[in-house]
Amino acid sequence: MSIASASIARQGEKAARSQRAVALRPAIRLVNSLVLALLTIIVTEWLARGTLIDVSDYLLSPARPGMVAVLALFLLFIAADALFGRAYQSALILVPLAILPAFLSMQKQQYLSDPLYPSDMLFGRQIGELVPVMFAARPFASIGLVLGTLAALGLLGYLLVLGRRHFPQLSASSKLFRLIVSLPLIGGFLSLMDPNSFSYVRDRLNIVPMMWDQQENYRHNGFLLAFAFNVPMANVQAPQGYGADVITDIAPERLPATFFGGRNADVIMVMSESLWDPTRLNNAALSPDPMPTIRANSSGNLFSPEFGGMTANVEFEALTGFSNAFLPYGSIPYQQYVRRPLPSLATFFASKGYTTRAFHPFQSWFWNRANVYQSLGFQSFMSEENMPVMDKRGLFTSDDALTKEIIRSADQTKEPFFFFAVTLQGHGPYEKNRYAKNTIDVQSASLAPENRDSLATYAQGVREADSSLKALMDWAKKRRRETIIVLFGDHLPPLGNVYTETGYMPDVVATRKASVGVMKREHETPLVVWSSKRGVQKDLGSVSPSQLPYYVVRLAGYRHAFYTGVLGRLHERYAVVDRHQLIERNDRPRPDWATSGAPIDPLIRDYRYLQHDQMFGEGFGTERFFPEQAERLDAPAS
């Protein structure tokens with residue numbers, strides 16, 4: 001072969017290699033973006049967890065969604081690059097946006113037990129107030145942090161300009177390919193991120209929104225996915241017109257609170273897990289009556305804002321008198337919003353010299369109760385960690401054992417007391433043979449055998465809850481001091497196909513928007529308000545949990561600017577305050593009251609103003625409406 005021929009051949013091979021390299025460049029860039037996404041997730045999880053030990057399991061375990069998070073971030077990278085027109089350009093923005101919150105979460109967990117939530121941004125004012133204190137305590141570190149932040153921002157700006165010059169430019173076909181592939185997948189992924197709805201695809205991807213336990217939510221799903229689940233809850237805006245003037249214009253209690261000294265009655269509130277009247281079911285006969293005590297002492301019904309779960313939201317309303325109707329749909333105040341001391345029945349009764357104590361025979365981290373109860377002013381919390389070992393019925397502590405513990409604690413308390421207890425026995429699932437013997441016979445031609453067994457198990461739990469109430473009332477009747485007992489169910493039980501097979505509901509879960517009759521049918525639970533000296537408070541109707549403080553404070557002989565003043569005026573007009581509709585005392589509905597554009601009733605407007613003022617605002621109304629809270633905030637730290 002001549003020298004010329006050899007040269008031509010070499011040039012041809014070189015050209016072929018060059019063409020192959022050009023052809024491979026798009027694929028190489030995609031691989032590089034994937035690797036960059038993987039490294040970003042590793043760094044993010046390392047920072048958020050404070051260790052690398054669990055990161056490999058998160059990424060490699062088939063039961064964890066680590067690689068799903070990597071792929072989701074990869075899709076964001078390539079879609080944003082297509083919009084920028086250059087490969088890797090988006091990394092300069094997306095990588096800091098991923099890493100910075102993880103770093104802040106690490107810093108937060110050095111002082112608090114919770115990871116970073118999007119809703120933490122709602123409390124920027126409190127963080128801002130801490131800045132001068134932090135600067136005074138560590139001035140050089142603070143100056144270094146400020147200078148480091150400015151340097152990082154300057155470097156980021158420089159890299160963005162540099163990237164526009166040197167990062168590879170994407171061809172029109174490459175940009176189109178990236179968008180066609182990534183955007184539908186990103187859209188599909190976003191549709192999975194509603195924690196309030198079940199998703200088969202999300203379940204197969206092992207993404208599990210554990211909103212009741214945020215520690216486990218972040219550990220299992222990873223920082224970015226868990227953070228994304230909580231994003232919708234951060235959208236809490238001040239009601240239009242909120243300010244010091246409108247709070248000043250709200251009328252407090254008609255009579256001075258100091259005019260009423262109260263009777264020093266002891267108060268026991270029991271929120272009974274999944275307590276409901278199963279005799280309401282169509283095409284099912286239960287004998288004997290599983291709830292004779294509750295039925296004989298019925299005060300009405302509680303209109304639960306939830307169904308089958310989200311116990312903490314009902315608890316939040318019952319203890320504070322505030323309403324979930326004014327918060328983002330799907331939010332859980334115990335997890336996202338209780339970040340500072342809030343007024344509650346516990347703070348009110350403590351200001352009257354009462355001992356305040358919460359009881360729940362499960363671990364204190366569940367629903368963040370340990371931190372929340374402290375914020376709500378309870379002096380102590382009896383949980384599984386510090387309670388004596390108690391008998392169980394099935395997997396859970398029995399109602400009878402919890403009732404005995406409440407009685408034991410009450411007998412050892414000399415001062416008047418306010419006790420709040422959350423039972424556990426009634427929690428689902430209602431498997432066959434949970435109890436060695438069921439005393440409730442269920443007859444129904446409509447139910448499949450397994451669903452009839454499930455109903456029988458549930459009904460047996462109701463009977464035992466009823467027996468526990470009777471024991472508590474019998475004990476109270478023998479006491480010299482008046483004892484007020486309030487019992488209510490938090491929501492209907494998750495009985496699944498029992499509802500559809502009996503024709504009670506068209507679906508296995510309750511509807512969120514329907515007529516008053518349907519809503520009551522699917523959201524009412526039993527309510528007992530009883531006094532050992534005054535008997536049953538009858539004919540209360542169907543009321544929201546947020547109305548319970550009104551009944552409790554009034555029955556105890558007290559008056560209060562918010563609990564009997566604001567809630568009292570509200571009670572005269574409205575029985576139910578729900579995010580989708582208001583229900584007046586005559587059962588007249590006001591659907592879509594918050595979104596229809598119609599003028600909002602001043603009663604509801606003022607109620608919302610005060611709630612926002614205490615939960616997120618400036619506390620303009622604390623001294624007038626929650627004087628006990630003002631004293632608590634002014635008291636020196638112990």
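Along the sequence shown, the residues carry numbers beginning at 1.
With sequence neighbours excluded, no residue forms a side chain to side chain contact (heavy atoms under 4.5 Å, CB included) with R480. For S380, the side chain to side chain contact (heavy atoms under 4.5 Å, CB included) partners at least two apart in sequence or on another chain are R357. Scanning for side chain to side chain contact (heavy atoms under 4.5 Å, CB included) contacts around P305 gives V314, E317, N324, P545, with sequence neighbours left out. Looking at residues two or more places apart in sequence or on another chain, you find a ring-ring contact (aromatic ring centres under 6.0 Å, His included) between Y551 and H571. Partners of S446 according to the side chain to side chain contact (heavy atoms under 4.5 Å, CB included) rule, which considers only residues two or more places apart in sequence or in another chain, are N283, S444.
For the 3.5 Å distance criterion, the side chains of E631 and S351 fail to qualify, holding no donor opposite an acceptor.
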Solution key, residues 534-544 side-chain donor-acceptor pairs under 3.5 Å, sequence neighbours excluded:
unit_1, atom_1, unit_2, atom_2, d
S542, OG, E524, OE2, 3.0
S544, OG, V577, N, 2.9

Name every donor-acceptor pair, under 3.5 Å, that has one atom in a side chain of residues 469-478 and the other anywhere in the protein, sequence neighbours excluded.
unit_1, atom_1, unit_2, atom_2, d
K470, NZ, D474, OD2, 2.9
W475, NE1, D411, OD1, 3.2

Please table the atom pairs, donor to acceptor, closer than 3.5 Å between any side-chain atom in residues 416-424 and protein atoms at least two apart or in another chain.
unit_1, atom_1, unit_2, atom_2, d
T423, OG1, E273, N, 2.8

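Using cut-offs of 30° and 60° on the angle between ring planes, the pair F303 and H523 is parallel.
Exactly one residue among R569, E584, R585, R590 makes a side chain to side chain donor-acceptor pair (under 3.5 Å) with Y574. That residue is R590. Screening K392, R434, E464, Q460 against Q425 for a side chain to side chain donor-acceptor pair (under 3.5 Å) leaves a single residue, E464.
Sorted by first and then second residue, the pairs that involve residues 281-300 and meet salt bridge (Lys or Arg N to Asp or Glu O under 4.0 Å), not counting sequence neighbours, are D277-R295, D289-R295. Applying the salt bridge (Lys or Arg N to Asp or Glu O under 4.0 Å) rule to pairs touching residues 366-379 yields E315-R369, sequence neighbours excluded. Counting only residues at least two apart or on different chains, no salt bridge (Lys or Arg N to Asp or Glu O under 4.0 Å) pair has a member in residues 540-555. The salt bridge (Lys or Arg N to Asp or Glu O under 4.0 Å) contacts involving residues 300-312 comprise E306-R512, where partners must be two or more places apart or lie in separate chains.
Under the 3.5 Å distance criterion, the side-chain polar atoms of Y550 are left unmatched by any main-chain donor or acceptor of S546.
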